[in-house]
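The structure appears right after this line, and notes come after that.
Being a predicted model, the structure only gives us computed values, none of them experimental.
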Amino acid sequence: QVQLMESGGGLVQAGGSLRLSCTASGSSFSIRAMGWYRQGPGKQRELVAKITRGGSTDYADSVKGRFTISGDNANWVLQMNSLKPEDTAVYYCNADWVYSSPAGPRVADLWGQGTQVTVSS
């Protein structure tokens, strides 16, 4: 089994920066993609950024040019610059974990516990 642990987050003024980190413990070599999601007050959880083991990245339109995802399948980071009040949310790290089953390879969606990011105006 694999567990995800986030660090970082906190309170920052608009225009500032924060760095979120996610560490995978256990069989992280079976992780094929890593990412970050967020859930703002009264909103649904949404994808922020994703990176594959091959290095391909994908970003939500709202964060392109401001956020950068990097790392490998054991540790990955979300660098957040030029933060806006609308970026306020609980941020969750996420991983697609491939595991063996009697029926063949399966993919599990793993989640961290979440970390609060608050951007004041």
Side-chain angles (χ1 to χ4, degrees):
Q1 182 59 286
V2 177
Q3 291 185 324
L4 306 183
M5 180 65 68
E6 299 122 338
S7 61
L11 173 64
V12 67
Q13 289 188 332
S17 297
L18 283 174
R19 185 180 177 91
L20 305 182
S21 298
C22 187
T23 299
S25 62
S27 304
S28 64
F29 62 87
S30 297
I31 291 175
R32 68 178 187 182
M34 303 77 70
W36 292 92
Y37 285 71
R38 68 185 180 187
Q39 188 166 14
K43 298 180 180 180
Q44 290 188 331
R45 192 174 296 190
E46 62 176 357
L47 173 69
V48 176
K50 198 142 189 170
I51 184 169
T52 67
R53 288 185 63 172
S56 298
T57 58
D58 188 26
Y59 295 93
D61 288 342
S62 60
V63 307
K64 284 180 180 176
R66 300 188 296 122
F67 291 11
T68 303
I69 188 170
S70 62
D72 57 35
N73 59 343
N75 297 279
W76 56 101
V77 170
L78 184 68
Q79 178 66 41
M80 306 185 292
N81 299 328
S82 302
L83 282 161
K84 304 176 181 180
E86 51 264 44
D87 294 319
T88 294
V90 178
Y91 284 71
Y92 299 88
C93 71
N94 167 267
D96 294 342
W97 180 58
V98 181
Y99 65 97
S100 299
S101 78
R106 290 290 184 267
V107 179
D109 214 9
L110 304 180
W111 296 93
Q113 80 283 1
T115 185
Q116 178 70 45
V117 171
T118 302
V119 184
S120 63
S121 57

Review point. Passes salt bridge (charged side-chain N to carboxylate O under 4.0 Å, His left out), Arg53 versus Asp96? Steps please.
Key: CA-CA 10 Å; Arg53 288 185 63 172; Asp96 294 342; over 6 Å; no
Point to revise | Heavy-atom pair of closest approach, residues Ser121 and Ala14 | key: CA-CB, 4.4 Å
Exercise for review: Look up atom CD in Glu86 and atom OG in Ser62, then write down how far apart they are to the nearest 0.5 Å.
Suggested key: 8.5 Å
**Study point:** Minimum-distance pair of heavy atoms, taken over all atoms of Gly114 and Val90
**Key:** CA-CG1, 3.9 Å
**Study point:** Residue pair Tyr91 / Arg38, side-chain donor-acceptor N/O under 3.5 Å
**Key:** yes
**Study point:** Any side-chain heavy-atom pair of Thr57 and Thr68 under 4.5 Å
**Key:** no
Practice item. Over all heavy atoms of both residues, which pair between Asn81 and Ser17 is shortest? Give the atoms and the distance, please. Key: OD1-OG, 2.9 Å
Point to revise | Gap separating the OG atom of Ser25 from the CE atom of Met5, nearest 0.5 angstrom | key: 7.5 Å
Review point. Pairs in or reaching into residues 54-92: which pass disulfide (SG to SG under 2.5 Å), with residues at least two apart or in two chains?
Key: none
**Study point:** Note, Gln39 side chain near Glu46 side chain (heavy atom, < 4.5 Å)
**Key:** no
Review point. Is any side-chain heavy atom of Leu20 closer than 4.5 Å to a side-chain heavy atom of Val77?
Key: no
Practice item. Hey, could you give me the CD1/OG distance between Ile51 and Ser70, rounded to the nearest 0.5 Å? Key: 6.5 Å
Practice item. Kindly work out whether a path of hydrophobic side-chain contacts (I/L/V/M/F/W/Y, heavy atoms less than 4.5 Å apart) joins Leu11 to Val119. Key: no
Check your understanding: Nearest heavy-atom pair of Leu4 and Cys22: which atoms, and what distance?
Key -> CB-SG, 3.9 Å
Review point. Should Trp97 and Val107 be marked as a side chain to side chain contact (heavy atoms under 4.5 Å, CB included) after you check the CA-CA gap, both sets of side-chain angles, and the distance that decides it?
Key: CA-CA 5 Å; Trp97 180 58; Val107 179; over 6 Å; no
Practice item. Not counting sequence neighbours, which residues clear side-chain hydrogen bond (donor to acceptor under 3.5 Å, both in side chains) with Gln116? List them please. Key: Thr118
**Study point:** Heavy-atom check, side chain of Asp109 versus side chain of Asn94, under 4.5 Å
**Key:** yes
Check your understanding: So which heavy atom on Pro105 is nearest to which on Val98, and how close?
Key -> CB-CG1, 4.2 Å
Point to revise | Nearest non-hydrogen partners of Trp76 and Ala24, listed with the distance | key: CZ3-CB, 4.1 Å
Review point. With a 4.5 Å heavy-atom cut-off, do Cys93 and Tyr37 have their side chains touching?
Key: no
Check your understanding: Are Met34 and Asn73 side-chain neighbours, meaning at least one heavy-atom pair lies under 4.5 Å?
Key -> yes
Point to revise | Within 6.0 Å of CD in Gln3, more than 12 heavy atoms from elsewhere | key: no
Exercise for review: With the side chain counted from C-beta on, respond yes when Phe67 and Val48 share a heavy-atom pair under 4.5 Å apart, and no when they do not.
Suggested key: yes
Point to revise | Rounded distance [0.5 Å steps], OG1 in Thr115 versus CG in Leu78 | key: 11.5 Å
Check your understanding: Tell me the salt bridge (Lys or Arg N to Asp or Glu O under 4.0 Å) pairs involving residues 63-73, sequence neighbours left out?
Key -> Asp61-Lys64, Arg66-Asp87
Practice item. May I ask you to decide if the ring planes of Trp111 and Tyr92 are parallel, tilted or perpendicular, using 30° and 60° as cut-offs? Key: perpendicular
